[in-house]
Novice: 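Quick one: the structure is below, and I'll ask about it shortly.
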Protein chains: 2
Amino acid sequence: MKLELTKTCYKFFSMMANPTRIAVLENLRRSPMSVKQLAEALQQEQSMVSHNLSPLVRCRFINVERKGKKRIYSLNSETIEALFSIVENHSRKYCPTMGHCIGRRGR
Amino acid sequence: MKLELTKTCYKFFSMMANPTRIAVLENLRRSPMSVKQLAEALQQEQSMVSHNLSPLVRCRFINVERKGKKRIYSLNSETIEALFSIVENHSRKYCPTMGHCIGRRGR
DNA sequence: TTTTCATATGAATGATATTTCATATGTTTT
DNA sequence: AAAACATATGAAATATCATTCATATGAAAA
C-alpha cells in the first residue's frame, strides 16, 4: 500500500520529467491542437511529438479526439494547471536566488 | 520567459522522478529523520541516500539541520503535500482501471 | 482506386541518470 | 589526539530514457 504510492508517484513524475512533454502541455494550455500544429509550435519533428503524445494520453494528462484525418489533443486542466501552479509557487517562494535552486540554471 | 518556465518545470519534475527520492519524501511526511534512519527505513545504502538528499535540499524540497554528528532532514510540506495530493486525486479520478494509466502496473 | 496528407510505430543510436564502491570530511567520545 | 561514528563525495560501471530515421496505417481527395 505504501509501495503502491511510491510507484504511482514515480510514473506520474517521470511522465512530467521531459522538456518536450512539458512544452506540449504548456501549448495545450492555450487551446487544443493537432499534432502538426504542436510540431510547428515546438519546432520539433512530428515523429517525436507523436512519441511523446501517446504516453500523455495513456496517463490521462491529455485527451484526444479524431477530426477528419487530424487528431486534436487537449489538456486535462484539472491536474495540469494545479501542477503548474505548485511549480510556480515553489520557485517564486523558495528559489528566489538564481543558480542555487530549481528556479534557474542551478547545479 | 516561456522557455524559462519549461526549464523550471523540467528541473522540478526531474527531481521528483526517482523512486528513492520519492520514498525519502514519503518517509519525511511522518517526521524529520537522520540519514541513517532514512537508509534503514528505505533499506538502501547510506551513500545512495546521501546522494539523493543533497539535490532535494538544493531544490528546497527538504531542509537540513545539524544535530551533533547527525543531520536531520525535514520536509517542505507546503510544496510536497500539495504535490502528493494532486497525484492521489489524479490517480483516483482519472486512472480507475488498472493497467492502463498511472495508477498501477501500467506503463 | 490511386495519391496525398496527418499521424503512429519499431528499432537502432545516442544521451542522461542512477548505483555502487572506495574514500574523504567533520563531529564527538575516550 | 586517536578512535569511532555519521555523513558526504568522486568516479566508474550500468541502467534508463530520448531522439532519429525509416516505414506503416488510415482517412480524405482526386
Side-chain angles (χ1 to χ4, degrees), chain A residues 6-7 9-28 31-59 61-74 100 102 105-107, chain B residues 6-25 27-28 31-59 61-74 100 102 105-107:
Chain A
T6 302
K7 253 190 183 169
C9 285
Y10 177 55
K11 283 187 200 166
F12 186 102
F13 292 118
S14 301
M15 196 52 49
M16 293 296 297
N18 174 295
T20 304
R21 289 194 289 269
I22 293 168
V24 163
L25 295 173
E26 278 177 2
N27 274 273
L28 294 182
S31 89
M33 295 194 199
S34 72
V35 179
K36 205 189 169 194
Q37 285 176 312
L38 281 165
E40 275 161 15
L42 308 193
Q43 309 236 85
Q44 299 276 359
E45 299 225 336
Q46 170 268 315
S47 159
M48 194 188 152
V49 174
S50 274
H51 270 302
N52 282 289
L53 284 169
S54 17
L56 285 172
V57 173
R58 254 192 267 113
C59 292
F61 285 6
I62 62 180
N63 306 110
V64 218
E65 193 190 351
R66 277 205 153 100
K67 198 136 202 190
K69 35 185 165 182
K70 299 182 179 176
R71 289 193 189 189
I72 306 298
Y73 290 86
S74 64
H100 289 280
I102 281 281
R105 54 198 90 275
R107 65 176 335 248
Chain B
T6 301
K7 253 191 183 170
T8 301
C9 285
Y10 176 55
K11 283 187 199 165
F12 186 102
F13 292 118
S14 302
M15 195 53 48
M16 293 297 296
N18 174 295
T20 304
R21 289 194 290 271
I22 293 169
V24 164
L25 296 173
N27 274 271
L28 294 182
S31 89
M33 294 194 198
S34 71
V35 179
K36 205 190 170 193
Q37 285 177 312
L38 282 166
E40 276 161 14
L42 308 195
Q43 309 237 85
Q44 299 277 359
E45 299 224 336
Q46 171 269 315
S47 159
M48 195 189 151
V49 173
S50 274
H51 270 302
N52 283 289
L53 285 169
S54 19
L56 286 172
V57 172
R58 252 192 267 114
C59 292
F61 285 6
I62 63 179
N63 306 111
V64 218
E65 192 190 352
R66 276 206 152 98
K67 198 134 201 191
K69 35 186 165 181
K70 299 182 179 175
R71 290 191 189 192
I72 306 298
Y73 289 86
S74 63
H100 289 280
I102 281 281
R105 56 197 87 277
R107 45 128 27 206

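Lettering of chains follows the sequences in order, A, B, ..., and the numbering in each one begins at 1. If you're wondering where the values come from, they're calculated on a predicted model, not measured in any experiment.
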Novice: Contact between A/L38 and A/L53 at the side-chain level, heavy atoms closer than 4.5 Å - yes or no?
Specialist: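 When only atoms from C-beta onward are counted, A/L53 and A/L38 do touch, with a gap below 4.5 Å.
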Novice: Strictly under 4.0 angstrom, non-hydrogen atoms only: write out the protein contact profile of nucleotides 19-30 of chain C, one letter per nucleotide from the 5' end, B, S or -.
Specialist: SBBB----BS--
Novice: Applying side-chain hydrogen bond (donor to acceptor under 3.5 Å, both in side chains), can you list everything that pairs with A/S74, at least two apart in sequence or on another chain?
Specialist: none
Novice: Between D/dA6 atom C1' and B/E40 atom CD, what is the distance in whole Å?
Specialist: 12 Å
Novice: Could you tell me the separation between the CD atom of B/Q37 and the C1' atom of D/dC5, rounded to a whole number of Å?
Specialist: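 Result: 15 Å.
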Novice: If the cut-off is 4.0 Å, is B/Y73 near the phosphate of D/dA6, judged by side-chain N/O to OP1 or OP2?
Specialist: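 Checking D/dA6 against B/Y73, no side-chain N or O comes under 4.0 Å of OP1 or OP2.
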Novice: Donor-acceptor check, side chain of A/R21 to backbone of A/L56, threshold 3.5 angstrom: yes or no?
Specialist: no
Novice: Could you state the atom-to-atom distance from CZ of A/F13 to C1' of D/dC17 in whole Å?
Specialist: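 Between C1' of D/dC17 and CZ of A/F13: 19 Å.
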Novice: In whole angstrom, what separates A/M15's CE from D/dC17's C1'?
Specialist: 11 Å
Novice: Quick check: closest heavy atoms across A/V57 and A/Y73, and the distance to 0.1 Å?
Specialist: CG2-CE2, 3.6 Å
Novice: Ignoring backbone atoms, test whether B/Y10 places a side-chain nitrogen or oxygen under 4.0 Å from the OP1 or OP2 oxygen of C/dT16.
Specialist: no
Novice: Just by distance, do the side chain of A/N18 and the backbone of A/S14 share a donor-acceptor pair under 3.5 Å?
Specialist: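 Pair absent, no side-chain N/O of A/N18 close to backbone of A/S14.
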Novice: Any base atoms under 4.0 Å from B/S14, or only sugar-phosphate, or nothing? Heavy atoms, all strands.
Specialist: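 Here B/S14 touches no strand at all.
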Novice: Is the gap between the ring centers of A/F12 and B/F13 under 6.0 Å?
Specialist: no
Novice: Whole angstroms only, please: what is the CE-C1' distance between A/M16 and D/dC17?
Specialist: 17 Å
